[in-house]
Q: 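The structure that follows is given in the form of structure tokens.
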Amino acid sequence: MRHRFETSLPRFIWIGLFAISTACAGIFVTAFDVAPARAAEPKKEIVILALGDSLTAGFQLPPDKAFPAQLQAALRAKGHAVRVLNAGVSGDTAADGAARLDWSLSEPVDAAIIELGANDMLRGLDPKQTEASLDVILKALTETRVELLIAGMEPLRNWGEDYAAKFRAMWPRLAKDYNAILYPFFLKGVATVAALNQPDGLHPTADGVAVIVRNILPDVEKLIARVKERRSARTDSTFN
């Protein structure tokens with residue numbers, strides 16, 4: 001014996017309910033599909049490598065007072081989603097920095113601040129040697145599509161004018177060769193100011209580092225802008 005399912009609801013009501021449920025399902029699917037497109041895309045973090053010597057490492061300073069940490073804090077305070085890696089090693093020459101570049105790049109980076117050469121100058125090394133080592137670093141970073149900022153250094157007067165002229169000339173030449181942003185003197189506003197330096201007269205205090213960060217910040221923001229432009233161009237080429 002066959003049993004027929006009976007309902008007390010009139011046929012037109014069932015038809016109406018079916019139509020409403022179908023429409024609601026369509027609305028739900030549509031909303032689900034477009035929600036990701038409407039959501040604000042989170043800022044992708046920009047990673048900056050700070051490759052340098054004791055001036056970068058933060059000689060005799062707490063880690064949070066070193067140049068990379070103070071720079072990161074200043075950039076984040078201005079709304080930049082960045083992380084600055086401290087790849088500074090006290091006593092390093094430019095050749096030392098080149099020798100350890102591979103392990104300094106323990107993770108992919110978007111940009112690099114190169115602060116090397118001060119120890120070369122203090123030791124009176126031939127500027128040609130320093131330039132050759134910096135060239136190795138800049139070439140390797142360029143090949144990995146890293147945006148560059150070169151932090152230069154002023155020579156001591158006791159090596160003579162000829163040495164000083166050669167030392168000064170290499171910074172703009174390297175910047176031009178690698179399309180890098182040049183910040184001519186890393187210790188601008190700090191060098192020779194006793195209150196901003198440790199007793200050795202060479203290494204900045206935490207307050208001295210704060211001055212360095214304040215002075216270099218506009219150029220680092222230009223560096224970040226370059227990273228964003230590169231990312232934007234890469235995204236455009238992907239969709240074209």
Side-chain angles (χ1 to χ4, degrees), residues 48-57 59 67-68 71 84 86-101 104 109-193 197 202-204 208-209 211-227:
I48 302 173
L49 176 74
L51 181 70
D53 48 41
S54 56
L55 299 176
T56 292
F59 180 76
F67 170 72
L71 177 62
V84 183
N86 189 339
V89 174
S90 295
D92 263 14
T93 62
D96 294 327
R100 64 178 172 87
L101 180 61
S104 295
V109 302
D110 301 293
I113 299 171
I114 312 303
E115 178 277 306
L116 286 164
N119 287 314
D120 301 60
M121 178 264 297
L122 290 173
R123 299 177 191 182
L125 299 181
D126 188 339
K128 289 183 180 179
Q129 178 182 334
T130 303
E131 185 171 0
S133 297
L134 290 171
D135 186 82
V136 169
I137 294 170
L138 296 167
K139 182 179 180 181
L141 291 171
T142 299
E143 288 174 350
T144 57
R145 300 178 66 82
V146 170
E147 297 295 339
L148 302 169
L149 187 155
I150 299 173
M153 185 58 57
E154 276 291 305
L156 294 176
R157 297 176 182 175
N158 56 320
W159 296 121
E161 286 303 318
D162 182 60
Y163 182 95
K166 291 177 180 177
F167 191 82
R168 288 193 184 102
M170 69 179 175
W171 305 110
R173 187 161 53 238
L174 287 166
K176 181 179 179 181
D177 288 347
Y178 290 98
N179 190 33
I181 297 169
L182 176 61
Y183 185 72
F185 185 27
F186 185 70
L187 295 175
K188 175 185 175 183
V190 175
T192 73
V193 181
N197 284 281
L202 297 173
H203 296 95
V209 172
V211 172
I212 294 171
V213 168
R214 184 172 68 243
N215 289 338
I216 202 173
L217 196 62
D219 284 323
V220 179
E221 288 191 291
K222 291 177 185 177
L223 185 68
I224 291 172
R226 287 190 176 191
V227 172

Q: Below 4.5 Å, heavy atoms only, C-beta onward: do L71 and I113 meet side chain to side chain?
A: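 Heavy-atom side-chain distance check passes, below 4.5 Å.
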
Q: Out of curiosity, K139 NZ to T144 OG1, how far, rounded to the nearest 0.5 Å?
A: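 Reported value, rounded in 0.5 Å steps: 13.0 Å.
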
Q: To the nearest 0.5 Å, tell me how far D92 CG sits from T56 OG1.
A: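 Spacing of CG (D92) from OG1 (T56) equals 10.0 Å.
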
Q: Could you measure the distance from the CD1 atom of I150 to the CE atom of M170? Nearest 0.5 Å is fine.
A: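 Rounded to the nearest 0.5 Å, the CD1-CE separation comes to 9.5 Å.
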
Q: Below 4.0 angstrom, N of the basic side chain to O of the carboxylate: do D177 and R173 qualify?
A: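 No, no charged N to carboxylate O under 4.0 Å.
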
Q: In this structure, which one of I224, D219, V220 forms a side chain to side chain contact (heavy atoms under 4.5 Å, CB included) with K222?
A: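 The option that passes is D219.
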
Q: Search all heavy atoms of R226 against all heavy atoms of N179 and return the closest pair with its distance.
A: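 Of all heavy-atom pairs spanning R226 and N179, the closest is NH1-O, 2.6 Å.
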
Q: Would you find a donor on one side and an acceptor on the other, under 3.5 Å apart, between the side chain of D120 and the backbone of A94?
A: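 Judged by distance alone, yes, a pair lies under 3.5 Å.
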
Q: Indicate the atoms forming the closest heavy-atom contact of L223 with I181, along with that distance.
A: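 Taking every non-hydrogen atom into account, N-CD1, 3.5 Å.
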
Q: Got a donor-acceptor contact below 3.5 angstrom from the W159 side chain to the A164 backbone?
A: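 Between the backbone of A164 and the side chain of W159 there is no qualifying donor-acceptor contact (under 3.5 Å).
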
Q: Can you tell me how the ring of Y163 sits relative to the ring of F167, calling it parallel under 30°, perpendicular over 60° and tilted otherwise?
A: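 The rings of Y163 and F167 lie parallel, inter-plane angle below 30°.
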
Q: Testing the basics here: between F185 and A191, what is the closest heavy-atom pair and its distance to 0.1 Å?
A: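 Closest approach of F185 to A191, heavy atoms only: CZ-CB, 3.8 Å.
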
Q: Of the options L55, I216, N86, which is the one that meets F67 in a side chain to side chain contact (heavy atoms under 4.5 Å, CB included)?
A: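 When L55, I216, N86 are each tested with F67, the side chain to side chain contact (heavy atoms under 4.5 Å, CB included) holds only for I216.
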
Q: Does L174 reach the side chain of L138, with side-chain heavy atoms less than 4.5 Å apart?
A: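 In contact.
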
Q: Taking A132's backbone N and O only, do any of them form a donor-acceptor pair with D135's side chain (distance below 3.5 Å, no angle check)?
A: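 Pair absent, no side-chain N/O of D135 close to backbone of A132.
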
Q: Between V227 and V146, is there a side-chain heavy-atom distance shorter than 4.5 Å?
A: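 A side-chain contact is absent here, since even the closest heavy-atom pair is not under 4.5 Å.
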
Q: Using the rule side chain to side chain contact (heavy atoms under 4.5 Å, CB included), only one of I114, V109, V84 pairs with L49; which is it?
A: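 Between L49 and the candidates, side chain to side chain contact (heavy atoms under 4.5 Å, CB included) is satisfied uniquely by V109.
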
Q: Write down the atom of M153, the atom of W171, and the distance for their closest heavy-atom approach.
A: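 Closest pair (atom of M153, atom of W171, distance): O-NE1, 3.2 Å.
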
Q: With distance as the sole test, does T93 use its side chain to make a donor-acceptor pair with the main-chain N or O of D96 at under 3.5 Å?
A: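 Such a contact is found between T93 side chain and D96 backbone.
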
Q: Using atom types as modelled and distance alone, determine if a side-chain donor or acceptor of N197 lies under 3.5 Å from a backbone N or O of V193.
A: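 At least one qualifying donor-acceptor pair exists.
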
Q: How close do R100 and L51 get, counting heavy atoms only, and between which atoms?
A: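 Answer, listing the atom of R100 first, then L51: NH1-CD1, 3.5 Å.
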
Q: Distance from I48 atom CD1 to E147 atom CD, nearest 0.5 Å?
A: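 Reported value, rounded in 0.5 Å steps: 11.0 Å.
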
Q: Can you measure from CD (E154) to NZ (K188) and round to the nearest 0.5 angstrom?
A: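 Going from CD on E154 over to NZ on K188, the span is 11.5 Å.
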
Q: Using 0.5 Å steps for rounding, measure from the CG atom of L148 to the CG atom of L182.
A: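 If I round to the nearest 0.5 Å, the distance is 12.0 Å.
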
Q: How about CZ on R123, more than 12 heavy atoms from neighbouring residues, nucleotides or ligands closer than 6.0 Å, or not?
A: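 Result for CZ/R123: enclosed.
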
Q: Any donor-acceptor pair under 3.5 Å linking the side chain of N119 with the backbone of D53?
A: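 Judged by distance alone, no pair lies under 3.5 Å.
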
Q: Mark yes when over 12 heavy atoms from residues, nucleotides or ligands other than R145 sit less than 6.0 Å from its CZ; otherwise mark no.
A: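 Not more than 12 within 6.0 Å, no.
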
Q: Of all heavy-atom pairs between L116 and G52, which one has the smallest distance, and what is that distance?
A: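 Between these two residues, the closest heavy atoms are CD2-C, 3.6 Å.
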
